[in-house]
Number of protein chains: 2
Amino acid sequence: MQLTRRAEYAIRTMLDIASNLDDQPLMSKEIAARQDIPPNFLIQIVPELRSAGLIHTVRGSGGGIYLTKKPSEITLRYIVEAIEGPIALNQCLIGDASCERKPRCPVHEVWALAQKQMLAVLEATTLAGLVDQSQSGKKASKTSAPTDVAGKINNEVELEV
Amino acid sequence: MQLTRRAEYAIRTMLDIASNLDDQPLMSKEIAARQDIPPNFLIQIVPELRSAGLIHTVRGSGGGIYLTKKPSEITLRYIVEAIEGPIALNQCLIGDASCERKPRCPVHEVWALAQKQMLAVLEATTLAGLVDQSQSGKKASKTSAPTDVAGKINNEVELEV
DNA sequence: CCTAAACTTTAGTAAAATGGTTAACTTTAT
DNA sequence: ATAAAGTTAACCATTTTACTAAAGTTTAGG
């Protein structure tokens, strides 16, 4: 019931690149150093991010990594699923194949809802929003739309438990 | 990022007992048969539920298992955490010990929110509500208050993603 | 064209988690 | 007593996790 280190490192990597202002590609080793990622582990994760179409890699001297999309178009959910595959909080939520217990099992839809709630947050969070938030403090930049996703969701979601 | 079989089986077990109308204790072996749980695996899970204070067990001939609390007082979250320990979607959410990256890491609070959303669902769901729901179809029983937790939450939670 | 810098690929590996099984033990109703 | 129930502890195969390592490939620059 926990994010793997791979996915955590993938998120850090994507965020590191998104925070980069220069247009020159970043080296894997540098990213690893900045983000506290074992460098030999990261070079294993990078190809996965590339296969998922999230990054472009340039080989050879002077090479490195850059994003393929705009940070505002990359959600946290997308990054996580690029590494771990589709998120499923319970075995009965894997794929669309409904479990055989489903008709009589009232718990299934509870897990479905819990997962939906969780995914809504991960899907509403983009790299742009995260970069924006970590840079706030100097001035309230209104450059990218979803400035404070977390706060935004938070207000609409209060439950009377 | 997925519920273990242990916890899934624990939920089924608790639900099975809560659905039992007689006041005589249920046998582990019978529960296992009804709920598609490997019987030898269940007898390993039962003591954990007991240690957590969720069930009472009676040894010896004629013994078995019954709940210690009212089904309306037992939440899904409580059952899961009785088996798996505290839920933490990311390593940085374990305990109250904030990760050392927290001050500069904008992702932390996103995971915190995602988890809060998920836990809200698991916490709003009680055994009584689940039993009630699986029995509906004959007549809309209004015996226990939270009849349709899932639907209830669902309405209040729409996000404009 | 040679070399160093960068990513790629493949293999290996120790430790822990997962999902069980087995068997000896204790308690208790009849 | 004895059989029925839960208790405890040990065991086990497989998979996942989190890495490390090494040999290979591509490419810029001299």
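Letters A, B, ... mirror the listed sequences (proteins, then strands); counts begin at 1. What you see below is based on every heavy atom in this structure, not just the backbone, and it leaves out hydrogens, waters and symmetry mates.
Between the CG atom of L130(A) and the OG1 atom of T75(A) there is a distance of 10.5 Å, given to the nearest 0.5 Å. Annotation: the span from E8(A) atom CD to W111(B) atom CH2 amounts to 8.5 Å, rounded to 0.5 Å. With rounding to the nearest 0.5 Å, the separation of NZ in K116(A) from CD in E109(A) is 11.5 Å. One finds the CG atom of L127(A) at 7.5 Å from the CG atom of L76(A) (value rounded to the nearest 0.5 Å).
In this structure, Q24(B) contributes its side chain and G64(B) its backbone to no donor-acceptor pair below 3.5 Å.
Across the protein-nucleic acid pair, L49(A) atom CG and dC7(C) atom C1' stand 13 Å apart, rounded to whole Å. Atom P of nucleotide dT26(D) and atom CD1 of I65(A) are separated by 18 Å, given to the nearest angstrom. With rounding to whole Å, L42(A) atom CG is found 12 Å from dC19(D) atom C1'. Atom CD in E48(A) sits about 14 Å away from atom P in dT16(D), given to the nearest Å. Atom-to-atom, CD1 of I55(A) to P of dA6(C) comes out at 16 Å; the value is rounded to the nearest Å.
Clustering of Ile, Leu, Val, Met, Phe, Trp and Tyr side chains at separations under 4.5 Å places Y66(B) together with V58(B).
Closest of all the heavy-atom pairs between T126(B) and P71(B) is CB-O, 3.7 Å. Residues L122(B) and A114(A) come closest through the heavy atom pair CD2-CB, 4.3 Å.
With DNA chain D read from its 5' end, the first of the two nearest nucleotides for V58(A) and R59(B) is the one closest to R59(B).
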Could you run through nucleotides 12-24 of chain C and give me one letter per nucleotide, 5' to 3': B if any protein heavy atom sits under 4.0 Å from the base, S if only the sugar-phosphate is that close, - if neither? ------SSBBB--

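Residues from residues 21-36 of chain A lying near DNA chain C, meaning a heavy-atom separation below 4.0 Å, are L26(A), M27(A), S28(A) in numerical order.
Contact annotation: T57(B) side-chain N/O to dT7(D) OP1/OP2 distance is under 4.0 Å.
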